[in-house]
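Below you'll find the structure, written out as structure tokens, and then a few comments.
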Amino acid sequence: MLFTSIGDVLLLPSFRQRKLVRDLLESGKIGQDYLVAGWVDTIRIHGNIIFIIVRDRSSKMQIVVKKNVSEEAWKTAREISPEYVIAVKGKLVESKAALGGREIVATKVWIISESDALPIDIRDYTKTSLSKRLDWRFLDTRNPRNYLIFRVKAIMAEAARRWFIDNDFTEIFTSKIVGAATEGGAEVFSIIYFDKPAFLAQSPQLYKQMGVICGFEKVFEIGPVFRAEPHHTTRHLTEYTSVDFEMGYIDGYDDVMDVVESVVVSMIKEAIKKHKHEVEEYFPNALLDLPKSIPRITIREAYMLLKNANVSIEWGDDLSSESERKLGEIIEKEYGSPMVFVTEYPWQVRPFYTMRKEDEPFWTYSFDFLVRGLEVATGGQREHRYELLLKQVEEKGLNPRNFEWYLRMFRYGAPPHGGAGIGLERVVMQFLGVSNIREVRLLPRDPERLYP
RNA sequence: GCCGCGGUAGUAUAGCCCGGCCUAGUAUGCGGGCCUGUCAAGCCCGUGACCCGGGUUCAAAUCCCGGCCGCGGCGCCA
């Protein structure tokens, strides 16, 4: 029996009277009648008494259906299986045995929507492989732990946006369909734009610089970026959310690092403030202790630290993922910080718009920001002097003609500026201490996965 | 892109190295039964699988080849 109905009129309760179970557990009046609705988490049938754990977006709560209280409710409850959507009306009572110390004694039960037998175990998500869980993502996220990931992610994105707005940055929304690859690389997705070749933006880099030169001075954007690199790792996605900002009138790239530090710390603080207990419960490896200060070391210092730790690395190399992990450990031990800025990367491993060091052009005014040994942000000061910028485009083997619209901006008054891109999923991942970035993306895209 | 590991009921796994004792084991799920205080309820009964194609062999889940799919490491990156 799917609906209780008379003719075509469904005898369903009005959800306007619905209460969230957390509210009832925390502040419901004992002895009063309430209506709750949600998914059936578990159901235990003991003959004439039935226990239902109902779950809504706020929490879980026990419902007791007794034959001698309402035979009709009891009969309906016997038909219920996990993940049915139900509504229950009944009296809130205290119960030492129930979770939360309270339960509802049902006088009426409605089956609102049935569920097939579940293809995955959602109560214990570890019993199912991540790949299968992603195939059934809409069920996977009904597990409170997995749902929490996305609430934390939303809080962190909100905190970042808040920070920028409070600090007088203007939010911009740049195009994700672009006519030329941002940095000349091959790692972009090609699309057909009517009859023209086009690409999905792999970064808002050039546009956010434009934002500065537009006269906005300080801009930010939180949006999708696309990378066509066929990575097979636990820390890459082909589509992710980038928290990007760019600011004019800076004295140097330390100003940019100050912002990155402030934003990321604010993201983590807000997540802890809102969800500390749940994060502790579900993510034992979460990063709940923030460092007093975050060290900033040059890549030359990093080379030395790594050499002393017997990691083979050459002067002028980029840091490999192994080096970054190792460096994270060393910094944690020596400075007591799970985070570190590594600065002044060699010009040869940085994009053309990076500003080179004035006296030693081998190095640049750039940085990576590592959290627990993983790169979560990259940034630096940009070259704003037209002649030098043009030279750098050529030096990187790029065709200036493809960047004409970009280059000409620098002939009409461009202040010294810099910025960074922060990988939202990577911040969430490192904060919660999860091992696969796909976990923190609702619908991850990787070289193989295109559905759902 | 390079390298490595893997594909057995709805889910997770054992078996594979050393072919036959596999009528493919276990857990969980699912269906049914008993049960008025459970809480991953319990007990009983039932249900359900060797990725696809080719080969070797008296005999293939097991060995070989090809394909498809999944996972991870590296490179590169956020």
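So you know, we letter chains A, B, ... as the sequences are listed, proteins then strands, and number each from 1. Small disclaimer: the values here were computed from a predicted structure and weren't measured.
A side chain to side chain donor-acceptor pair (under 3.5 Å) with A/Glu425 is found for one member of A/Lys153, A/Gln430, A/Arg235 and no other, namely A/Lys153.
Residue A/Asn436 is in sugar-phosphate contact alone, with no base atom involved, counting any heavy-atom pair closer than 4.0 Å across all strands shown. Using a 4.0 Å heavy-atom criterion, one finds that A/Gln430 contacts no nucleic acid atom at all. Across all strands shown, A/Ile45 has heavy atoms under 4.0 Å from base atoms, whether or not it also approaches the sugar-phosphate. In this structure, A/Leu237 reaches the bases: a heavy-atom distance under 4.0 Å links it to at least one base atom across the strands shown. Residue A/Arg441 is out of contact with every strand shown, counting any heavy-atom pair closer than 4.0 Å. A/Ala97 comes within contact range of at least one nucleobase, with a heavy-atom separation under 4.0 Å.
Here B/rG6 sits opposite B/rC69 as a Watson-Crick or G-U wobble pair (both hydrogen-bonding atom distances under 3.5 Å). Within the shown strands, B/rC45 is the pairing partner of B/rG31 under the Watson-Crick or G-U definition, both distances less than 3.5 Å. Applying the Watson-Crick and G-U wobble criteria (two distances, each under 3.5 Å), B/rC63 pairs with B/rG55. The nucleotide B/rU23 finds no pairing partner, because no Watson-Crick or G-U wobble arrangement with both distances shorter than 3.5 Å includes it. The partner of B/rC74, taking Watson-Crick or G-U wobble pairs whose two distances both stay under 3.5 Å, is B/rG1. B/rC18: no Watson-Crick or G-U partner with both key distances under 3.5 Å is found in any strand.
At the phosphate of B/rC76, neither OP1 nor OP2 sits under 4.0 Å from any side-chain N or O atom of A/Arg350. Note on A/Arg123: every side-chain N or O is 4.0 Å or more away from OP1 and OP2 of B/rU11. A close approach under 4.0 Å does not occur between any side-chain nitrogen or oxygen of A/Asn48 and OP1 or OP2 of B/rG37. Taking 4.0 angstrom as the limit, A/Ser129 places a side-chain polar atom (N or O) nearer than this to OP1 or OP2 of B/rA12. Remark: A/Arg235 is in phosphate contact with B/rC74, judged by side-chain N or O atoms under 4.0 Å from OP1 or OP2. The shortest distance between the side-chain N/O atoms of A/Thr42 and the OP1/OP2 oxygens of B/rA40 is not below 4.0 Å. One finds a side-chain N or O of A/Ser321 lying less than 4.0 angstrom from the OP1 or OP2 phosphate oxygen of B/rC74.
When the C1' atom is compared between B/rU57 and B/rC30, the two are found 40 Å apart, to the nearest whole Å. Atom C1' of B/rA49 sits at a distance of 13 Å from the matching atom of B/rC22, rounded to the whole Å. Nucleotides B/rA60 and B/rC16 are separated by 11 Å at their C1' atoms, to the nearest Å. Taking atom C1' on both nucleotides, B/rC50 is separated from B/rG7 by 10 Å, rounded to a whole Å. If you take atom C1' in B/rG48 and the same atom in B/rG32, they sit 16 Å apart, rounded to whole Å. Going from the C1' atom of B/rU62 to that of B/rC51 covers 16 Å, rounded to whole Å. One C1' atom belongs to B/rA12, the other to B/rG55, and the distance between them is 32 Å to the nearest Å. Nucleotides B/rA9 and B/rC52 are separated by 10 Å at their P atoms, to the nearest Å.
When every heavy atom of A/Lys19 is checked against every heavy atom of A/Tyr34, the shortest pair comes out as CG-CD2, 3.7 Å. Between A/Met429 and A/Ser435, the shortest heavy-atom distance links the atoms CE-O, 3.8 Å.
Rounded to whole angstrom, the span from the CG atom of A/Leu450 across to the C1' atom of B/rC69 amounts to 15 Å. One can place CZ of A/Phe220 at 18 Å from C1' of B/rA78, the figure rounded to the nearest angstrom. Here the C1' atom of nucleotide B/rC77 and the OH atom of A/Tyr240 are 7 Å apart, to the nearest Å. What separates OH of A/Tyr451 from P of B/rG70 is a distance of 13 Å, to the nearest Å. Rounded to whole Å, the distance from CD on A/Glu439 to C1' on B/rG72 is 15 Å. Across the protein-nucleic acid pair, A/Asp317 atom CG and B/rC74 atom P stand 16 Å apart, rounded to whole Å. For the pair A/Tyr125 OH and B/rA40 C1', the interatomic distance rounds to 16 Å; values are reported in whole Å. Distance A/Lys132 NZ to B/rA9 C1': 12 Å, rounded to the nearest Å.
Contacts of A/Phe164 classified as ring pair (Phe, Tyr, Trp, His ring centres under 6.0 Å), with partners at least two apart in sequence or in another chain: A/Phe169, A/Phe220, A/Phe245.
Side-chain atoms of A/Thr241 and A/Arg441 include a donor-acceptor pair closer than 3.5 Å. Checked by atom type, the side-chain pair A/Thr174/A/Glu221 shows a donor-acceptor distance below 3.5 Å. A donor-acceptor contact under 3.5 angstrom links the side chains of A/Asn436 and A/Arg438, judged on distance only.
Note that CG of A/Asn48 is 8.0 Å distant from CG of A/Asn68, once rounded to the nearest 0.5 Å.
For A/Lys66 and B/rG37, a side-chain-to-base donor-acceptor distance below 3.5 Å is present, hydrogens and geometry of angles not being considered. One N or O donor and one acceptor, one from the side chain of A/His236 and one from the base of B/rC76, sit under 3.5 Å apart. With hydrogens and angles ignored, a donor-acceptor pair under 3.5 angstrom links the side chain of A/Ser95 to the base of B/rG37. In the interface, the side chain of A/Glu322 is not paired with the base of B/rG73 through any donor and acceptor atom under 3.5 Å apart. Side-chain atoms of A/Arg449 stay outside donor-acceptor range of the base of B/rC69, with no qualifying N/O pair under 3.5 Å. Judged by distance alone with a 3.5 Å cut-off, a donor-acceptor contact links the side chain of A/Asn68 to the base of B/rU36.
Of the candidate nucleotides B/rG10, B/rG73, B/rC77, B/rC77 has the atom nearest to the side chain of A/Glu324. Here the nucleotide nearest the side chain of A/Thr234, chosen from B/rC77, B/rG73, B/rC71, is B/rG73. Distance from the side chain of A/Gln62 is smallest for B/rG37 among the nucleotides B/rC30, B/rC77, B/rG37. Of the candidates B/rG72, B/rC77, B/rC76, B/rC76 carries the atom nearest the A/His231 side chain, counting heavy atoms from C-beta on. Candidate nucleotides B/rG37, B/rA78, B/rG73 were compared by shortest atom distance to the side chain of A/Phe51, and B/rG37 ranks first. Comparing B/rG73, B/rC76, B/rA12 against the side chain of A/Thr233 picks out B/rG73 as the nearest. Looking at the side chain of A/Ser320, the nearest of the listed nucleotides B/rG1, B/rG37, B/rG75 is B/rG75. For A/Lys127, the side-chain atoms get nearest to B/rA40 when compared with the rest of B/rG75, B/rA40, B/rA78. Distance from the side chain of A/Thr128 is smallest for B/rU11 among the nucleotides B/rG1, B/rU11, B/rG75. Relative to the side chain of A/His46, the nucleotides B/rC77, B/rC2, B/rU38 differ in distance, and B/rU38 lies closest.
Taking 4.5 Å as the limit, every side-chain heavy atom of A/Val440 sits out of range of all side-chain heavy atoms of A/Val152.
Ring pair A/Tyr353/A/Tyr406: centre-to-centre distance not below 6.0 Å.
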